[in-house]
Amino acid sequence: MSIGVSDSVLPEELLAAARRVVAENIAAKRRVAVAESCTGGLVCAALTEVAGSSAVLEAGFVTYANEAKIAMLGVSRDVLDTFGAVSIATAWSMAQGALAKSGADVAVAITGVAGPGGGSEKKPVGTVVFARAERHGDPADIIADRKNFGDIGRGGVRLQAALCALELLLPGPAVEAE
């Protein structure tokens with residue numbers, strides 16, 4: 001039994017964004033990697049729902065625990081201890097690590113607090129940080145963003161985070177996640 005787009009359990013909005021990422025990166029001859037924490041593989045799941053995604057998706061890293069961020073992506077324990085898992089420094093390190101551990105041309109990282117617990121005054125539920133690293137890009141040119149989607153439910157935060165990450169995977173000039 002083959003699974004078509006209409007058979008997907010993923011929301012159409014997410015699938016449409018993934019189709020755009022696959023099509024535009026095929027046209028640009030770019031391979032992508034994703035380092036996910038709070039989205040738990042949702043971005044990669046959306047990409048792999050699209051026929052032809054194997055021409056684009058190089059690798060996906062689900063590094064939910066800090067130890068996985070360290071072991072799989074080379075995130076420094078000092079960065080995690082100093083800035084926390086939900087920080088631009090950690091997201092940037094995750095994106096750089098995904099790029100280094102894969103043959104991708106661009107990598108996006110997502111880390112955040114999906115809820116319902118785990119938030120704090122400085123990083124409330126709904127806080128998500130994104131970073132994009134590009135092979136041959138200037139490592140000093142940090143492309144990162146922090147969003148607060150609010151306490152819209154765990155699924156809502158994860159969906160909005162995945163949509164922003166997919167936007168960051170589009171070719172062209174750096175785009176700000178919405």
Side-chain angles (χ1 to χ4, degrees), residues 10 14 17-18 20-22 24-25 28 30-50 53-114 118 123 126-149 154 157-171 174-178:
L10 299 175
L14 189 61
R20 183 174 172 213
V21 167
V22 170
E24 291 190 24
N25 279 289
R30 288 189 344 157
R31 307 267 305 158
V32 304
V34 183
E36 300 184 66
S37 186
C38 66
T39 49
L42 186 57
V43 176
C44 282
L47 289 170
T48 58
E49 284 285 319
V50 179
S53 60
S54 60
V56 171
L57 182 60
E58 175 76 23
F61 301 88
V62 178
T63 56
Y64 207 70
N66 285 349
E67 293 305 318
K69 289 174 182 66
I70 293 166
M72 294 172 66
L73 298 173
V75 175
S76 161
R77 183 171 301 285
D78 287 342
V79 166
L80 288 163
D81 290 347
T82 303
F83 301 103
V86 181
S87 65
I88 286 177
T90 295
W92 180 241
S93 294
M94 289 170 64
Q96 288 289 334
L99 206 57
K101 302 282 184 178
S102 73
D105 301 300
V106 62
V108 167
I110 310 107
T111 183
V113 185
K123 296 174 188 174
T127 302
V128 183
V129 182
F130 307 88
R132 181 174 90 182
E134 296 187 26
R135 191 164 308 283
H136 310 301
D138 182 352
D141 185 16
I142 296 174
I143 301 166
D145 197 12
R146 176 181 163 153
K147 297 282 185 189
N148 189 337
F149 298 113
R154 186 172 183 80
V157 171
R158 293 178 69 232
L159 174 60
Q160 292 306 311
L163 288 168
C164 284
L166 287 166
E167 184 76 17
L168 285 168
L169 285 171
L170 292 170
V175 293
E176 185 175 317
E178 296 184 27

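Since the model is a prediction, treat every value here as computed from it, not as a measurement.
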Show every donor-acceptor pair shorter than 3.5 Å between a side-chain atom in residues 97-104 and any protein atom, with sequence neighbours excluded, or say none if there are none.
residue, atom, partner, partner atom, Å
S102, OG, A98, O, 2.7
S102, OG, A104, N, 3.2

So, for [X] and [Y], which heavy atoms are closest and what is the spacing to 0.1 Å?
X    : Y    : result
A107 : A95  : CB-O, 3.5 Å
V106 : E134 : CG2-CG, 3.8 Å
E49  : L10  : CG-CD1, 3.6 Å
F83  : K123 : O-NZ, 2.8 Å
V129 : R146 : CG2-CG, 4.0 Å
L166 : A17  : CD1-CB, 3.8 Å

Only one of L169, L42, V56 passes side-chain contact (heavy atoms from CB on, under 4.5 Å) with L47, and that residue is L169
Using side-chain contact (heavy atoms from CB on, under 4.5 Å) as the criterion, point out the one residue from V43, V108, T111 that pairs with E36.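 Result for side-chain contact (heavy atoms from CB on, under 4.5 Å) with E36: V43.
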Nearest 0.5 Å, please: how far is [atom2] in [Y] from [atom1] in [X]?
X    : Y   : atom1 : atom2 : value
S87  : W92 : OG    : CH2   : 13.5 Å
M94  : I70 : CE    : CD1   : 12.0 Å
L80  : S93 : CG    : OG    : 7.5 Å
R135 : Q96 : CZ    : CD    : 9.5 Å

Quick one: are [X] and [Y] in side-chain contact, heavy atoms under 4.5 Å?
X    : Y   : result
V128 : C38 : yes
V32  : L57 : yes
I110 : V34 : yes

Keeping T90 on the side-chain end and G84 on the backbone end, is there a donor-acceptor pair under 3.5 Å?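 Between the backbone of G84 and the side chain of T90 there is a qualifying donor-acceptor contact (under 3.5 Å).
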V79 backbone acceptor or donor facing T82 side chain under 3.5 Å: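 Side chain of T82 to backbone of V79, a donor-acceptor pair under 3.5 Å: no, none is there.
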For N25, which of R30, R20, R31 qualifies under side-chain hydrogen bond (donor to acceptor under 3.5 Å, both in side chains)? R30
R77 vs K69, side chain to side chain contact (heavy atoms under 4.5 Å, CB included): CA-CA, chis, key distance, verdict: CA-CA 9 Å; R77 183 171 301 285; K69 289 174 182 66; over 6 Å; no
